[in-house]
Amino acid sequence: MDVLASLRDKIMSLVETLENQEIISSGLNKDSITVETPKDDAFGDLSSNVAMVLSKQANSNPRELAKYFVNQLSKDHSIESVEIAGPGFLNFRLKNKFWIDVVISILEAGVHFGIEKVGTGKSVNIEFVSANPTGPLHVGHTRGAVFGDVLANLLNVAGYTVTREYYVNDAGSQIDSLARSAFSRYQEALGCPTSSEQNEYPGDYLKEVGEALKEKYGKQLLYEEEDSRLDKVKDFTVKRMLALIRKDLADLGIVMDSFVSEKGLYAKGRVEDSINKLRDLGLIYTGVLERPKGGNEQEWSVREQELFKSSQFGDDTDRPIKKADGSWTYFAPDIAYHYEKLARKYDEIINIFGADHSGYIARMKAVVRALSNGEQDLTIRLCQLVKLYKDGQPVKMSKRAGSYITLRELLNEVGKDAIRFLLLMRKNDAPIDFDFSKAIEQTRENPVFYVQYANARIFSILRRARESNIDVSDASLLKADLCLLKDKNEIQAIRKLAEWPNVVAKATSRFEPHRIAFYLFEVAQLFHGLQSLGKIDQGLRFLREDDLNLSKARLAMIRSVQLVVQSGLKIFGIEPVDQML
RNA sequence: GGUCGCGUAGCUCAGCUGGAUAGAGCAACUGACUUCUAAUCAGUAGGUCGCAGGUUCGAAUCCUGCCGCGAUCACCA
């Protein structure tokens with residue numbers, strides 16, 4: 001059970017009483033009533049703004065209102081004292097029993113501690129990565145991949161049925177030119193002269209595709225008609241690239257539940273279907289877009305094309321669904337994709353975009369609103385760029401020259417866990433500076449290491465305890481006399497653990513996994529602090545040979561620290577390590 | 001030029017949708033290792049929260065206008 005929530009419940013039931021007695025009018029907004037641990041100890045163990053929130057709306061004096069709560073709550077057995085402070089805060093001092101209950105809750109619930117199942121019975125589709133299958137994933141994709149995956153984890157532990165989805169752009173001209181490049185490599189592999197093309201993909205990874213094509217088809221493809229051989233090469237190459245991407249993702253700890261093919265949407269006629277649906281709604285028309293202000297004036301030409309009235313749904317301008325020559329734009333299959341996604345009836349639809357797609361947000365939201373008759377909202381989160389550094393120097397990347405850093409290289413050099421943690425340290429809409437050298441470092445400067453080290457240290461202490469024949473199973477630790485936990489640093493650490501449910505809830509509802517990263521760092525910090533106290537004062541060591549009961553109580557406490565750390569790492573998709581190497 | 005985002009300590013960033021004296025890490029300085037792994041810890045110092053207004057009991061947070069940085073904006077995908 002979540003102790004902060006339990007205090008909040010008590011307060012809320014008092015608010016209800018006040019409403020029933022008509023001391024305050026009912027129907028006030030209670031959402032912003034909080035119970036939290038104040039930053040300064042002087043303000044007590046917990047504090048609430050309830051009196052201020054209510055009095056503001058009721059136009060009464062907060063300190064007057066606060067008195068009522070003080071009178072009622074000071075009777076509570078787990079509360080030592082309640083004071084009114086400042087403009088009307090309620091500051092609570094709690095009996096140690098209250099904090100002991102936190103440890104008990106954690107030991108009982110394990111990694112499920114404090115997870116509110118707000119999503120039970122609801123389904124969510126989260127689309128992320130969706131990189132074109134034209135080559136291996138690179139750093140730019142990695143951030144969105146990790147962010148989306150952890151968001152999915154968060155929603156999953158909150159009880160949602162989550163579908164992780166990858167939209168595969170396996171149609172269109174990029175794929176055509178990919179196929180042509182692959183065909184050139186195939187010709188090379190056969191020792192034939194290549195028909196060099198302008199749009200070739202330069203990366204070496206196509207060489208193996210050429211070899212593989214040779215192995216499968218021999219020289220057969222050379223004699224086929226252009227169209228038919230291109231189709232074969234296309235299918236073959238896309239399949240290879242997708243396999244490559246899946247492998248990269250898997251090594252990053254990500255497994256998609258669903259891949260939706262653009263080509264498939266065309267084949268099933270979904271593009272026509274979705275556009276017809278919009279047409280029926282009167283949202284498609286033939287027209288000419290205005291020239292955008294600024295930039296590239298010379299290249300602008302008047303074009304008549306079919307447009308979608310996205311401006312009716314909050315977009316700046318209407319958007320073309322067909323090119324001037326009558327073929328579909330990139331936007332059209334995207335409409336079809338979301339049309340098809342809507343038909344699958346998710347309660348929530350989420351897209352994770354890269355920074356370069358910021359211009360697409362408005363139109364995609366518009367499409368979803370239009371296709372669902374305004375009933376469904378598309379949630380989009382944009383991940384900003386990752387700038388790579390090595391020894392403080394920026395690493396230059398050029399996609400054109402094929403010299404970008406791939407996810408594979410990152411995995412080899414830094415490792416999955418560090419990549420994940422470091423990319424989750426920032427909120428999604430802030431750019432990240434990612435320093436290779438720091439990521440590999442095993443010092444406090446590297447937060448992944450620091451958090452892992454806390455977990456490993458606890459593991460090591462528990463192992464030592466076991467060697468001294470202490471039963472350190474959770475069931476046994478639950479029986480420890482936890483009232484012996486009196487030291488103020490210990491209580492402080494437990495207070496931090498009590499915040500965990502709040503942190504997860506907030507990270508989930510606001511799509512902000514970075515909160516967990518910071519929180520885990522703080523927990524690790526408190527633990528390392530406790531550990532060091534034992535060096536200064538032998539009496540504060542976790543394991544006291546002269547006092548088995550106290551040892552067990554402290555082991556229970558650090559085990560609960562470990563459980564919280566581990567559940568955080570689990571959400572992050574990071575393996576907790578038992579031992580640092 | 002339009003749109004979106006950002007601007008907080010020397011550096012990298014938190015700041016719990018309006019709360020109390022704005023917080024961490026790094027760098028700097030002082031101190032603690034025959035260790036329950038010092039791969040760590042304790043402490044000192046460091047601020048006009050970009051600028052100017054507004055909203056109210058109360059603003060880093062909300063509104064408006066500037067300034068600076070970044071992404072993006074047409075037929076590509």
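Numbers restart at 1 for each chain; the letters A, B, ... are given by sequence-line order, proteins then strands.
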Which nucleotide in B:G5, B:C76, B:C41 has an atom nearest any side-chain atom of A:Ser173: B:C76

Side chain A:Asn91 and base B:A20 donor-acceptor under 3.5 Å: yes

B:G15 and B:C73, which share atom name C1', separated by this distance in whole Å: 33 Å

Candidates B:A14, B:A77, B:U40 - which lies nearest the side chain of A:Tyr453: B:U40

Between B:A39 (C1') and A:Met580 (CE): distance, integer Å: 7 Å

Under 4.0 angstrom between A:Lys427 side-chain N/O and B:G15 OP1 or OP2: yes

side-chain N/O A:Gln525 vs B:G25 OP1/OP2, d < 4.0 Å: yes

Distance-only donor-acceptor test (3.5 Å): side chain A:Thr329, base B:A77: no

Rounded interatomic separation in angstrom, taking CG from A:Leu424 and C1' from B:A14: 15 Å

A:Arg93 vs A:Glu83 side-chain heavy atoms within contact, under 4.5 Å: no

Six-ring centre of A:Phe331, A:Arg363 cation under 6.0 angstrom, axis tolerance 45°: yes

Geometric cation-pi criterion, A:Lys322 with A:Trp328: 6.0 Å, 45°: yes

Nucleotide nearest A:Ala85 (side chain, heavy atoms from C-beta), chosen from B:A20, B:C41, B:A77: B:A20

Pair assignment for B:C33, Watson-Crick or G-U wobble, requiring both distances under 3.5 Å: none

side-chain hydrogen bond (donor to acceptor under 3.5 Å, both in side chains), paired with A:Ser311, selected from A:Thr317, A:Asp318, A:Asp316: A:Asp318

Nearest-Å distance for atom pair CD/C1', residues A:Gln538 and B:U34: 13 Å

Nearest-Å distance for atom pair CZ/P, residues A:Phe527 and B:A42: 13 Å

Heavy-atom side-chain contact between A:Phe511 and A:Ile350 under 4.5 Å: yes

Pairwise C1' distance, B:A45 and B:C6 [rounded to whole Å]: 29 Å

A:Lys323 side chain, from C-beta outward: closest of B:G15, B:A71, B:C76: B:C76

Nearest-nucleotide pick for A:Phe449, side chain only, options being B:A14, B:A20, B:U40: B:U40

Same-atom distance (C1') from B:C63 to B:G46, integer angstrom: 33 Å

Sugar-phosphate only, base, or nothing, as touched by A:Gly534 at under 4.0 Å among non-hydrogen atoms: base

Stacking of A:Phe521 on B:A24 base (centres under 5.5 Å, planes under 30°): no

Distance, rounded to the nearest Å, where A:Arg510 contributes CZ and B:U61 contributes P: 15 Å

Touch class at under 4.0 angstrom, heavy-atom based, for A:Met52 against every strand present: base

Any donor-acceptor N/O pair under 3.5 Å between B:A77 base and A:Tyr360 side chain: yes

Pairing partner (Watson-Crick or G-U wobble, both distances under 3.5 angstrom) of B:G1: B:C73

Given A:Phe542, A:Tyr453, A:Phe521, the one that forms ring pair (Phe, Tyr, Trp, His ring centres under 6.0 Å) with A:Phe527: A:Phe542

Span that lies between the C1' atom of B:G19 and that of B:A9, in whole angstrom: 23 Å

Polar contact flag, side-chain donor to acceptor under 3.5 angstrom, A:Lys552-A:Ser476: yes

Selected nucleotide, minimal atom distance to A:Lys506 side chain, candidates B:A77, B:A14, B:U17: B:U17

Protein-nucleotide distance (A:Asp429, atom CG; B:G70, atom C1'), rounded to Å: 13 Å

Euclidean distance for P, B:G54 against B:A60 (whole angstrom): 15 Å

C1' spacing across the pair B:U56 / B:U12, given as an integer number of angstrom: 35 Å

